[in-house]
S.K.: 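Dropping a structure here in structure tokens format, bear with me for questions.
From a predicted model like this one, the values you see are computed outputs, not experimental measurements. Below, read A as the first sequence line, B as the second, and so on, with proteins coming before strands; counting in each chain starts at 1.
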Protein chains: 2
Amino acid sequence: MHYQQWISSKTQFYQLPEPLGLESGGSLSNVQVAYRTWGALNSQGDNAILICHALTGSADADRWWQDLFGAGKVFDPDQDFIICSNILGSCYGTTGPTSLNPITNEPYASTFPAITIRDMVRVQAKLLEQLSVQRLKLVIGGSLGGMQVLEWALLYPDWVQAIVPIATSGRHSAWCVALSEAQRQAIYADPQWAAGQYSPERSPNHGLAIARMIAMSTYRSWQSFEQRFGRQIDRAPLPYSAVPKPAEGVSFSIQQYLYRHGQKLVERFDANTYITLTQAMDHHDISQQRGEYIHVLQAIQHPTLVVSIDTDVLYPPAEQQLLAETIPKAQWTSITSMHGHDGFLIDTQVLNDRVVAFGHSLGWGNALTASSLE
Amino acid sequence: MHYQQWISSKTQFYQLPEPLGLESGGSLSNVQVAYRTWGALNSQGDNAILICHALTGSADADRWWQDLFGAGKVFDPDQDFIICSNILGSCYGTTGPTSLNPITNEPYASTFPAITIRDMVRVQAKLLEQLSVQRLKLVIGGSLGGMQVLEWALLYPDWVQAIVPIATSGRHSAWCVALSEAQRQAIYADPQWAAGQYSPERSPNHGLAIARMIAMSTYRSWQSFEQRFGRQIDRAPLPYSAVPKPAEGVSFSIQQYLYRHGQKLVERFDANTYITLTQAMDHHDISQQRGEYIHVLQAIQHPTLVVSIDTDVLYPPAEQQLLAETIPKAQWTSITSMHGHDGFLIDTQVLNDRVVAFGHSLGWGNALTASSLE
């Protein structure tokens, strides 16, 4: 409950009535799901849209995808019933490593079981059942969110009507696994890691901050850092407690930027959670137990908009092009951005317009404004 | 002397007769330079070629650039006098953090002063004076080596006749600074870091291994890791002592690859040295105290071959294109490689051919074989 302060007061909670069977073979009791909704479900229960969030995201999609909300936009509460739930294994209200293990009455910490993207999606499905959702007009998400989108199409094909996977892949690349592993190792190297059995007062903050520093570099791009920071110097003192040994004297602004982002993450996120979720991403592979990768993609029958960011170095456009070329009813769109992978959270107006146009092509009967279609 | 085992028995040593003044304002006494030579200097002293090595390289260029050595190749000991010296601040025989401070008789460790690329080049210049080199036919190097190449052209324009900077930039980008800082922070986070005053028996091995894991990911490319490892599993036990907390159970081969490279680096390199040299790279900026960046590049009057690797994410081709477009007598060549930044150490036959052709265009009177010109 250490992360309670980051959970919006509008969050609702649903407790799964039965233990959740996991892909890894074990099960979790008393699973709680934190979620937000916007708008209302219609009488047919078929105007629902599911938003899937990324690694350190939360159910508060109206904060981190604000530009996609509003009249005539992708998420229009006057038209649709929009749902976003905190994913299994996270620390914003859904059961994860910071939750109490009902058997020991202690936080799971590093004893939290290995989970998969499919486990996350099955928890979301139980929530949607509870909410009486009959049809999902759309399942949409970027990065780890996009992995969930693809699993939705494969696990619940009849429930889903259209999907928008963004800046993601059908199976995690070796490059992504490499960069994730370096991040986890930075946490393991922190003396406060204590094999994952740290207390909230003595968390591996330095290690988690470094993981974020690596991640932030790969979420952005060479161009973005060059244009924004270049070789600019920052003479401000360093108030970031999570970064106890900065370079002596003067720092480049880019260094301060990374310290600040490292510091911000340790204030709002948990190291065991970071490890649990990045491992789930590394094991993401839609072909697992389903056959040939290409055949699995070919089996997705939904109208699909695959979105790339042209400067994404983590999930390069070639990965999404393969998705779009293989999923039969897919179209591909690439967003021109200098922001790299994070473009899906930054260039949100362009993203909104592309998804609105996709919805229009599906004949969504909504009150689209002319401007959103331009 | 801990790193003695990595220094070839053919290495020669030169002790600077006077203290070395540093850019940072201080000075270093008793500076020793470790170097290798191949071939012989002619009577005019004008057949010399200087090789500048990269971050964790050594004077043993015939090991790490083997394919460029031989009759009719870039480095032809029958024609030319080829020199490569271990750079200032390194741990392979030239004075650096692992050397004894003559005042305290203890290793410098973290008290080694901040050094710059210009300091490295000035030490090389003193060695070349001692060797009676009158003219440098060519100064060549990649990455940190390429930074030295550019500084050579600017510090000693009359000495140098042609330059080949490879996979490098005229000033370190914010993106490179970011990734370097994350690597240094991983060392700082290691409990054995001890503010740089560690003993050889208790070195920050885990931190240095993580730094290498991050670095290796950025030295290669998405394509290279995908083609070589993909989602291949490796069930071998993990014998890498520098990586004490690997992921439980089964690992991906890419993880094992990174552990192995981390382990290899801690066996052959020193953490304070890594920090000293990466900080020197971060402060690399040929315009420092010389005026506008573009004007400084325009002042380089040497025939120049600027080499890019098309998949280099650390020093993207746009950086070298800018060099080539601005240096008046420069030409640009891009090597098609899936290996990323490390392409200059891997795709060495193509590299050799491009540089040989460049030498030919300069009228080098050497016994080039027909095949090398194809």
Side-chain angles (χ1 to χ4, degrees), chain A residues 114 171-179 181-191 193 195 204 206-207 209-210 213-214 216-218 220-232 243-249 251-255 257-259 262 279 282 285 313-314 316 318-319, chain B residues 114 171-179 181-186 188-191 193 195 204 206-207 209-210 213-214 216-218 220-232 243-249 251-255 257-259 262 275 279 282 285 313-314 316 318-319:
Chain A
R171 49 185 181 191
H172 224 208
S173 68
W175 169 261
C176 282
V177 173
L179 289 159
E181 178 64 18
Q183 292 171 44
R184 288 187 294 263
Q185 287 289 338
I187 294 171
Y188 303 151
D190 189 315
W193 163 242
H206 193 185
I210 296 168
M213 291 171 67
I214 303 169
M216 281 308 299
S217 302
T218 62
R220 300 300 170 95
S221 71
W222 188 94
Q223 297 91 320
S224 141
F225 280 180
E226 202 57 21
Q227 184 159 329
R228 188 160 165 198
F229 302 107
R231 298 192 52 77
Q232 192 183 303
V243 190
K245 175 69 175 77
E248 279 90 37
S251 297
F252 291 108
S253 299
I254 180 64
Q255 288 170 283
Y257 168 87
L258 289 184
Y259 301 153
Q279 284 178 336
D282 286 355
D285 180 353
V313 292
L314 266 189
E319 288 195 291
Chain B
R171 51 185 180 191
H172 224 208
S173 68
W175 170 261
C176 281
V177 173
L179 288 160
E181 178 63 19
Q183 292 171 44
R184 288 188 294 265
Q185 288 288 340
Y188 303 152
D190 188 315
W193 163 242
H206 193 186
I210 296 167
M213 291 170 68
I214 303 169
M216 282 307 299
S217 302
T218 62
R220 300 301 170 96
S221 70
W222 187 94
Q223 296 91 320
S224 137
F225 280 179
E226 202 56 22
Q227 184 159 328
R228 187 157 163 203
F229 303 107
R231 298 191 54 76
Q232 192 181 303
V243 190
K245 176 68 176 77
E248 280 89 35
S251 296
F252 291 108
S253 300
I254 181 64
Q255 287 171 284
Y257 168 86
L258 289 184
Y259 301 153
I275 286 166
Q279 283 178 337
D282 286 354
D285 181 353
V313 292
L314 266 189
E319 288 195 291

S.K.: I'd like to know which of A:Val313, A:Asp282, A:Asp190, A:Leu314 tops the heavy-atom pair count under 4.5 Å against chain B.
M.R.: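 Of A:Val313, A:Asp282, A:Asp190, A:Leu314, A:Asp282 has the most heavy-atom pairs under 4.5 Å with chain B.
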
S.K.: List the residues meeting salt bridge (Lys or Arg N to Asp or Glu O under 4.0 Å) with A:Arg231, not counting sequence neighbours, and say none if there are none.
M.R.: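 Partners of A:Arg231 under the salt bridge (Lys or Arg N to Asp or Glu O under 4.0 Å) test: B:Asp285.
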
S.K.: Going by the rule side-chain hydrogen bond (donor to acceptor under 3.5 Å, both in side chains), which residues pair with B:Gln232 if we only count those two or more places apart in sequence or in a different chain?
M.R.: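 Once residues adjacent in sequence are excluded, the partners of B:Gln232 under the side-chain hydrogen bond (donor to acceptor under 3.5 Å, both in side chains) criterion are B:Ser253.
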
S.K.: Check the angle between the aromatic planes of B:Phe225 and B:Tyr257 and answer parallel, tilted or perpendicular using the 30° and 60° thresholds.
M.R.: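 B:Phe225 and B:Tyr257: perpendicular rings.
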
S.K.: For A:Ser221, is it the side chain, the backbone, both or neither that has a heavy atom under 4.5 Å from a heavy atom of chain B?
M.R.: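 For A:Ser221, the backbone is the part near chain B, not the side chain.
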
S.K.: Report which part of B:Glu319 has an atom under 4.5 Å of a heavy atom belonging to chain A: side chain, backbone, both, or neither.
M.R.: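 Just its side chain gets close to chain A.
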
S.K.: Counting heavy-atom pairs closer than 4.5 Å to chain A, which one of B:Glu226, B:Arg171, B:Met213, B:Arg220 comes out on top?
M.R.: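 The candidate making the most pairs under 4.5 Å is B:Glu226.
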
S.K.: Taking the side chain as every heavy atom from C-beta outward, state whether A:Glu181 and A:Arg184 have any pair of such atoms under 4.5 Å apart.
M.R.: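 The answer is yes; the side chains approach within 4.5 Å.
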
S.K.: Grab the two heavy atoms, one from B:Ala189 and one from A:Ile210, that are nearest each other, plus how far apart they are.
M.R.: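 Heavy-atom minimum between the residues: CB-CD1, 3.6 Å.
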
S.K.: If I measure from the heavy atoms of chain A, does B:Arg228 come under 4.5 Å with its side chain, its backbone, both, or neither?
M.R.: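 Looking at B:Arg228, nothing touches chain A.
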
